[in-house]
Enquirer: 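Got a structure for you, questions after.
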Amino acid sequence: MNIINAKLQRLMALSAAALVLSACSDGPAPAPDLDEESIAALTEDAEVFEGFFTAYRDPESGSVHLLINEDQLSEEFIYTAQTANGVVEAGQFTGAYVGNSVLTAERYYNRIEFVAQNTSFYFDPDNALSRAADANISNAILAVAEIVAEDEETGDILVNIDGLLLSESLQQVSDSDNPVTGGLDGDKSKVLAIRSYPDNTDFEVEYVYSGGEPSWSEDITDSRAISIRMLHSFVAMPDNDFTPRFADSRVGTFDTQVTDLTSTSSTPYRDLVHRWNLVKQDPSAELSDPVEPIVWWIENTTPVEWRELIMSAGLEWNKAFEKAGFSNAVEIKIQPDDADWDAGDIRYNVLRWTSSPTPPFGGYGPSFVNPRTGQIIGADIMLEASFLNRRRIISRWLAEGMNSPEDLSKQLDHLAGHTCSLGNHMQSANLSAFAFADFAAAEGMTAAEMTEQIVHDSMHYLILHEMGHTLGMNHNMKATQYLSPEESFDLEVVNEKGLAASVMDYPSVNFAPRGSEQTRFYAVTPGPYDAWFIKFSYSPELNDPAAMAAHLAKSTADDLIFGNDADDMRAPGWGIDPRVNIYDMSNDAVKYSELRMGLVRDVLDNMSPADVENGQSYDDLVVAIEAMMGEWRSAGNVTSRYVGGVYVDRALRGQEGATQPYEPVAEARQREAMALLAKYHFAPDAMEMNPEVIAHAQRMRRGFNNFGAPEDPKLHGAILAGQSGLLDHLLHPAVLQRLVDTTLYGNTFTVDEMMDELNSAIFSEDKSGNINTTRQNLQVEYVNRLVEIAKNEEGAFPTQAVSMAVLQLHELKEHFAKNRSVNRSTKAHSINLVSLIERGLHA
Ligand SMILES: [Zn+2]
């Protein structure tokens, strides 16, 4: 062995030693003397778990050994890790699939290496380049286990896997960015359970962390010992004739990205669609039951009164599968109370119901796949009971005078991948619905009837949505563009067509304004996009490329439009197509927002402390106010995105019904959006409330908890936070730049016109008179932002916006420096503005 090789060996051995065992540091040791103890002798007293891999557990020490047959060496199997029980504060939550890869066990002298295979690339075997397939692509040796005995006759090899399981070598468990977690405490960590079946062998391990920063979160019992339970599964590579299907940019599939390195195309993608292995029992029949249906189990922890509702909701998916040629594709069963398996058993797909202290999602549909083909092997759905509660988990706008839904979205969605925060969004939408029902009930329905329907519709939507994820669907935040505002409040239309093109959006709750008909609050059955998607992913007919092309060519239809989280406009400066958004509804979101603001005004004008029942605290009143603040902010955010927006079309060249890929929003629509914002969000009376209501906005005291701030209602802060959120978008460098860029391909609403409209919305109405306190806040905020743009310290703002900011500052200074007959507060405010401008321009 030459020196370099020896060094490499040493490095490998060192890194392995950190993970596992007493690996030697001087390169490979001679083969072990295995004559002394046979496998039989070593495992004589051990507990045996026979299956895909056979495992042994020592009855005294709990030490775990794995039996690997030489036939299994170098054979690929699937590895997946799922959090069996997490601590949200420590970055892990129950049910999340955190690892999913292809592994092999490789022999290297006296040890077995567990090697993760790189599945990201494809080499056409007919191309000579495929001979260089391994160039610059390396597999990862995750862990090493010592061979302790072997049987030359049977080819069986026994390895000790304590180190493999009790370290983080297979899967990083702790969140290294999270200071609360601390370091892994090997002495306290242990293997809790082993299960082995013909196709999978599972190990449940409890990892204990200590030494992190103290945390006072209620989730953490004692921050000196944080336990996270992880389920590691080794799963046999499926032996079937599953045909991989490739992703298409017009359909929102979850997929495994694979790049063809032998292709010369500019888009050498062979991204594998995640889908179940559905095969028709009768391939010639137009409609056939599948050989194996997708079976869901409702966990026995589910409240009994909800089970029927959940089952009926989930079975709605069969309607979509029927259009793809399958009858009874989805089956739903209830886990018996005395079942001898639990939800962690990967052989069962379980609809799980939990009630967590701080739910990270409210609904979540993770799955794991064969990374070689995209076949979904298993899935679970985590549901949080809180989504129907009135207990506020997310909104403290009034007491804190800040914190926004966007902050929350960011907080939740950093957990990328299959994470879904629909449940949280729905909880907050439902709080609005309950407030509307209490204070602005639509005609023909009592508040109680309405509440019942809200529960029914939201449960259907949540179940359909989370199941949709497990069928391979990612979000379609464009799906609420389906109906006009009028149609969404027309029962006949909604009954016939449904409410949304897909259940994969985060919709606004569809509450009827006064004088309109209450239809569905949420879609209760899969929409046309969902059926089209299911056919794309599952119809055996579409194995034929021509049939597939014809199916995809329909993507330009109004009810099949698609845009996901990557494109949506929930946060300022993110996304460009205003139709792709959360919390919106209908194909005229601006008009819908206006209707919604009518409802909000209705509630604000009608609500009274007298509506609170005698003997109750005013907590429900606070919930209602905060819900209305949330609706006001959402309506504003949705509307603001039309300003500087660009409609995106992903149709391919020549596709019937295609428009150009980028189409700036028409000037009239942008002006309409600005006008709505001026009226409801920037006007002097924006979110004006009855003083009596504000004076009663008191939360119930609990111990010494003041909810992070003094308890008094801080309406100024809450209103300014909402207005600032809108300015964040309208004055975002990317939006201002887009207003300039789009003038080169059709946009006629220029950046100077937009900034003048905004200026007028913020100053015109009270320019010559007295200026109230909420308006003073807004004007100072706007002037500060103009100064920031004028200075352009980071060079992010377009020249035209910088010039406009300078011009407006000069004009504002001139105006406010004039001696006007106003009250003393307005006079002080005027001088303050002038001073801010002078300092800003000359600093
Ligand atoms: Zn979702």
Side-chain angles (χ1 to χ4, degrees), residues 405 425-426 428-445 447 450 453-454 457-458 478-494 497-501 505-523 569 578-579 581-607 624-625 627-643 665 668-683 685-688 722 726:
H425 286 270
M426 284 184 83
S428 112
N430 282 347
L431 290 181
S432 302
F434 291 137
F436 293 144
D438 288 346
F439 300 108
E443 274 101 299
M445 246 180 168
M450 220 170 254
Q453 202 195 315
I454 291 167
D457 292 1
S458 48
K478 226 173 189 174
T480 41
Q481 291 284 317
Y482 185 51
L483 299 181
S484 69
E486 294 76 19
E487 287 171 325
S488 63
F489 299 118
D490 183 329
L491 199 55
E492 217 170 289
V493 174
V494 172
K497 296 179 69 179
L499 191 59
D505 205 336
Y506 289 179
S508 172
V509 58
N510 187 48
F511 200 100
R514 237 183 243 288
S516 296
E517 194 169 24
Q518 182 57 53
T519 60
R520 288 286 167 200
F521 291 105
Y522 299 100
M569 297 196 76
R579 298 172 302 179
N581 211 346
I582 59 173
Y583 266 174
D584 59 346
M585 182 54 92
S586 91
N587 60 14
D588 188 344
V590 178
K591 179 161 188 195
Y592 195 92
S593 290
E594 179 148 37
L595 293 173
R596 177 56 49 94
M597 283 315 301
L599 260 175
V600 169
R601 276 277 31 123
D602 224 8
V603 171
L604 294 179
D605 294 344
N606 284 317
M607 68 173 18
I625 295 170
M628 292 307 100
M629 301 278 332
E631 290 296 327
W632 172 67
R633 295 171 71 148
S634 293
N637 286 336
V638 164
T639 303
S640 71
R641 299 328 191 232
Y642 282 82
V643 179
V665 173
R669 172 50 55 107
Q670 296 194 63
R671 286 188 182 277
E672 191 186 10
M674 289 300 295
L676 190 85
L677 295 177
K679 183 172 174 189
Y680 290 102
H681 293 81
F682 296 132
D685 64 350
M687 287 308 270
E688 204 168 63
L726 297 173

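Note: hydrogens, waters and symmetry copies are ignored here, and every other heavy atom, side chains too, is used.
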Enquirer: Taking all atoms of both residues into account, what is the closest heavy-atom pair of Phe489 and Ser516, and its distance?
Expert: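 That would be CB-CB, 4.0 Å.
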Enquirer: Please report the C-alpha distance between Met628 and Ser432 in whole Å, then the side-chain angles of each, then the deciding distance to 0.1 Å, and finally whether the side-chain contact (heavy atoms from CB on, under 4.5 Å) criterion is met.
Expert: CA-CA 6 Å; Met628 292 307 100; Ser432 302; 4.3 Å; yes
Enquirer: Quick check: does any side chain N or O of Glu487 sit under 3.5 Å from a backbone N or O of Ser484, one acting as donor and the other as acceptor?
Expert: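 Yes, the answer is positive, given that a donor and an acceptor are paired below the 3.5 Å cut-off.
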Enquirer: Is there a side-chain contact between Met585 and Val638 in this structure, where contact means two heavy atoms from C-beta onward sitting under 4.5 Å apart?
Expert: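 Side-chain contact under 4.5 Å: no.
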Enquirer: Looking only at non-hydrogen atoms, find the nearest pair between Pro507 and Thr480 and report the distance.
Expert: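 Closest pair (atom of Pro507, atom of Thr480, distance): CB-CG2, 3.7 Å.
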Enquirer: Is a donor on one side and an acceptor on the other found under 3.5 Å between the side chain of Ser458 and the backbone of Ile454?
Expert: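 Yes, because the side chain of Ser458 sits within donor-acceptor range (under 3.5 Å) of the backbone of Ile454.
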Enquirer: Check side-chain contact (heavy atoms from CB on, under 4.5 Å) between Ser488 and all other residues, then give those that pass, not counting sequence neighbours.
Expert: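 Once residues adjacent in sequence are excluded, the partners of Ser488 under the side-chain contact (heavy atoms from CB on, under 4.5 Å) criterion are Leu483, Leu499, Asn510, Tyr592.
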Enquirer: Look at the side chain of Asp490 and the backbone N and O of Glu486, then say whether any donor-acceptor pair between them is shorter than 3.5 Å.
Expert: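 No; zero donor-acceptor contacts below 3.5 Å.
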Enquirer: List the steps, then state whether side-chain contact (heavy atoms from CB on, under 4.5 Å) holds for Asn637 with Tyr583.
Expert: CA-CA 9 Å; Asn637 286 336; Tyr583 266 174; over 6 Å; no
Enquirer: Of all residues at least two apart in sequence or in a different chain, which pass the side-chain contact (heavy atoms from CB on, under 4.5 Å) check with Leu676?
Expert: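 For Leu676 the side-chain contact (heavy atoms from CB on, under 4.5 Å) partners, ignoring immediate neighbours, are Val590, Ser593, Glu594, Thr639, Tyr680.
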Enquirer: Considering non-hydrogen atoms only, spot the tightest contact between Asn430 and Tyr522 and give its length.
Expert: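 Result for this residue pair: OD1-OH, 2.8 Å.
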Enquirer: Between Tyr642 and Asn581, do the side chains contain a donor N or O and an acceptor N or O under 3.5 Å apart?
Expert: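 Looking only at side-chain atoms, Tyr642 and Asn581 do not form any donor-acceptor pair under 3.5 Å.
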Enquirer: Relative to each other, are the rings of Trp632 and His681 parallel, tilted or perpendicular (30° and 60° limits)?
Expert: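 Parallel, since the angle between the ring planes stays under 30°.
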Enquirer: Please give me the minimum heavy-atom distance between Pro513 and Leu599, naming the atom from each residue.
Expert: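 Looking at all heavy atoms of both residues, the shortest contact is CA-CG, 3.9 Å.
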Enquirer: Just wondering, do Lys679 and Met597 contact through their side chains at under 4.5 Å, heavy atoms?
Expert: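 The answer is no, as the side chains (C-beta and beyond) never meet within the 4.5 Å cut-off.
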Enquirer: Are Ser640 and Leu677 packed together at the side-chain level, in the sense that at least one heavy-atom pair is separated by less than 4.5 angstrom?
Expert: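 Result yes, sub-4.5 Å side-chain heavy-atom pair found.
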Enquirer: Any idea which heavy atoms bring Ala429 and Val509 closest together, and the distance?
Expert: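 Ala429 and Val509 have their closest heavy atoms at O-CG1, 3.5 Å.
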Enquirer: Specify the closest pair of heavy atoms between Arg596 and Glu631, including all atoms of both residues, with the distance to one decimal.
Expert: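 Closest approach of Arg596 to Glu631: NH1-OE1, 2.7 Å.
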Enquirer: Got Met450 and Phe521 here, is their nearest side-chain heavy-atom distance under 4.5 Å?
Expert: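 Contact flag for Met450/Phe521 side chains = yes.
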Enquirer: Is Lys591 atom NZ crowded by more than 12 heavy atoms from other residues, nucleotides or ligands, each under 6.0 Å away?
Expert: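 No - once you tally the heavy atoms of other residues, nucleotides and ligands closer than 6.0 Å, there are 12 at most.
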Enquirer: Are Pro485 and Asn587 close enough that some pair of their side-chain heavy atoms sits under 4.5 Å apart?
Expert: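 Yes - at least one pair of side-chain heavy atoms lies under 4.5 Å apart.
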Enquirer: Does this structure show an ion pair linking Arg669 with Asp588, if we count only N-O contacts that are shorter than 4.0 Å?
Expert: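 Salt bridge present between Arg669 and Asp588.
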Enquirer: What residues, two or more places apart in sequence or in another chain, satisfy side-chain contact (heavy atoms from CB on, under 4.5 Å) together with Ala678?
Expert: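 Scan of Ala678 (side-chain contact (heavy atoms from CB on, under 4.5 Å), adjacent residues dropped) gives Ala761.
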Enquirer: Arg520: what forms a salt bridge (Lys or Arg N to Asp or Glu O under 4.0 Å) with it, not counting sequence neighbours?
Expert: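 Result, salt bridge (Lys or Arg N to Asp or Glu O under 4.0 Å) vs Arg520: Asp457.
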Enquirer: Quick one: list whatever passes salt bridge (Lys or Arg N to Asp or Glu O under 4.0 Å) with Glu688, sequence neighbours left out.
Expert: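 Glu688 satisfies salt bridge (Lys or Arg N to Asp or Glu O under 4.0 Å) with no residue once adjacent residues are dropped.
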Enquirer: Distance-only, no hydrogens or angles: does the Gln670 side chain make a donor-acceptor pair with backbone N or O of Val665 under 3.5 Å?
Expert: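 Yes: the side chain of Gln670 pairs with the backbone of Val665.
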Enquirer: What pairs with Asp605 under side-chain contact (heavy atoms from CB on, under 4.5 Å), at least two apart in sequence or on another chain?
Expert: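 Applying side-chain contact (heavy atoms from CB on, under 4.5 Å) to Asp605 gives Arg601.
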